[in-house]
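To start, the structure under review is shown below, and the notes come after it.
In what follows, chains carry the letters A, B, and so on, assigned in the order in which the sequence lines appear, proteins first and then strands, with residues in each chain numbered from 1.
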There are 2 protein chains.
Amino acid sequence: MKTAKIESLLQKSNVRPTAMRILVYNFLLENEAAKSLTDLENYFDKSDRTTLYRTIKTFEEKGVVHQIDDGTGTTKYALCEQGCNCQIETDLHLHFYCNICDETVCLTDRKIPHINLPDGYTAEDANLVIKGRCEKCPE
Amino acid sequence: MKTAKIESLLQKSNVRPTAMRILVYNFLLENEAAKSLTDLENYFDKSDRTTLYRTIKTFEEKGVVHQIDDGTGTTKYALCEQGCNCQIETDLHLHFYCNICDETVCLTDRKIPHINLPDGYTAEDANLVIKGRCEKCPE
DNA sequence: ATAGATAGTGCAACAGAAGTGCATTATTCA
DNA sequence: TGAATAATGCACTTCTGTTGCACTATCTAT
C-alpha cells in the first residue's frame, strides 16, 4: 500500500502519521499473522523498543489495531478491519493459534457464539482462541 | 476437608502428599476462584516461591489442577473436577473473569461450543474466557 | 534400623515482557 | 519565529515465570 494511503488512514483514526508509524502500519499490513512487540522489535532493529511499544499502544487506543491474547503469554496485535468495532460484544471474532508455525491469525468472519451465563453473571467482553493446525501447515 | 481425605486424593493422582501440597490443595479447595502463583505466595508467606511454583506444576502434570489463562496476563490454577479430562476437546469448559472483583471462576457446566473452522484448519484445543460482572458483584 | 537412592524444598539468580520517568528531538500552529 | 505539544530514545524498574544447585526429608531394600 502506498505511503500516502496509509497516511490518510492514520489521520482518519486521529493518529499523526509519523515515519515510524507508517512503517509499523505497513509491517502489520503485509503480515497476515498478528505480531508481538518483540516481533516489531526484531524487525525494526534500528528503532527503540519504547517507541514501538508506544506506537502500538497509540494504535490500540485509536482503534487502528486490536490486542490479541492467544495464550502464548505474549500479547499480539493485528490491524482492525475497516469499520471494525472490536469493543462491541457482537463484533468479537475469534483467533486461531497454530501449534506448528506459532502464528496467530484473526478469523474475522467467525464470531464468538453467544453463551448463556448462570444467573447473576453479565457478559461484557469475551476472548476465544482455537489452537491447532493452520492451513499453511499440512500434516 | 480432612487432611486424610486430601492425602488419599493426592495419592490417587500419583502425587506424594507432603505437608505443603496438602496445604496448597486445601487452599485451592476453599477458594472458589482460581488462584495465581502470586496468590499462593501471598497466602503462604512462610513458604518459598519456587516450592509453590513446583507444587502447582506437579499438580498440573498429574491432572490435579488445570491452568487458566484469563487474559489478565497472570496464569491461574483451579482444581480439576473428579473425572475431569481437561485435555479432551469435548470436555473444555469456559472461564469467567469478573472485571469488578478481579476473580476468575470455572463454569464447568458450560462447554466451549464447537466452531466450524475454514478449510485446512484443524482444532486441537480451545480457550474461551467471558469477561463481565459476576454474581457476587451486583450493580 | 540403616544406608543409599529418590523426591522435595529453599535460596539465588536469570530471562522475557511490560511499563515509567526524563531528557532530547521533531512537529504544529498561533 | 517561538512557544506548545507530540514523538522518540535511553535507562531503569517491576512482575511473572523459570532454572541451577545445595540441602533436607522421605522412601525402600537389605
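Residue B/Lys5 places its NZ atom among 12 or fewer non-hydrogen atoms of other residues, nucleotides or ligands, all under 6.0 Å distant.
Rounded to a whole Å, the CD1 atom of A/Ile22 is 17 Å from the P atom of C/dA26.
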Exercise for review: Check the pair A/Gln67 / A/Lys57 against side-chain contact (heavy atoms from CB on, under 4.5 Å), numbers first and verdict last.
Suggested key: CA-CA 9 Å; A/Gln67 220 184 64; A/Lys57 281 291 165 193; 3.6 Å; yes

Exercise for review: Would you please test B/Arg16 and B/Arg21 for side-chain contact (heavy atoms from CB on, under 4.5 Å) and show each step?
Suggested key: CA-CA 8 Å; B/Arg16 281 162 60 171; B/Arg21 287 171 180 175; 3.8 Å; yes

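Note on the helix from C/dA1-D/dT30 to C/dA30-D/dT1: terminal axis deviation equals 20°, with five pairs used at each end and the result rounded to 10°.
The stretch residues 40-51 of chain A participates, sequence neighbours left out, in these side-chain hydrogen bond (donor to acceptor under 3.5 Å, both in side chains) pairs: A/Glu41-A/Arg49, A/Asp48-A/Thr50.
Taking 4.0 Å as the cutoff to heavy atoms of chain B, we find the contact window on DNA chain D bounded by D/dT16 to D/dC27.
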Practice item. Summarise how protein sits on nucleotides 2-14 of chain C as a single string, 5' to 3': B when a protein heavy atom is under 4.0 Å from the base, S for sugar-phosphate-only contact, - for no contact. Key: -----SSBBBB--

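Listed for the B/Asn127 side chain is a donor-acceptor partner under 3.5 Å among the backbone atoms of B/Asp69.
Between the CZ atom of A/Arg133 and the CD atom of B/Glu124 there is a distance of 6.0 Å, given to the nearest 0.5 Å.
Placement of B/Val129 and A/Leu92 in two distinct hydrophobic clusters is found when ILVMFWY residues are connected by side-chain heavy-atom separations under 4.5 Å, directly or transitively. A/Tyr121 and B/Leu94 fall within the same hydrophobic cluster, where Ile, Leu, Val, Met, Phe, Trp and Tyr residues are linked whenever their side-chain heavy atoms come under 4.5 Å apart, directly or through other members.
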Would you list the atom pairs, donor with acceptor, under 3.5 Å between side chains in residues 22-31 of chain B and any protein atom, with sequence neighbours excluded?
unit_1: B/Asn26; atom_1: ND2; unit_2: B/Glu30; atom_2: OE2; d: 3.3
unit_1: B/Asn31; atom_1: ND2; unit_2: B/Phe27; atom_2: O; d: 2.8

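Only A/Leu37, A/Thr38, listed by number, bring a heavy atom of residues 26-42 of chain A to less than 4.0 angstrom from any atom of DNA chain C.
Looking only at atom types and distance, the side chain of B/Asp125 has no donor-acceptor partner in the side chain of A/Tyr97 under 3.5 Å away.
Residues B/His95 and B/His66 are in side-chain contact: their nearest non-hydrogen atoms beyond the backbone lie under 4.5 Å apart. The side-chain heavy atoms of A/Pro118 and B/Leu107, taken from C-beta on, include a pair separated by under 4.5 Å.
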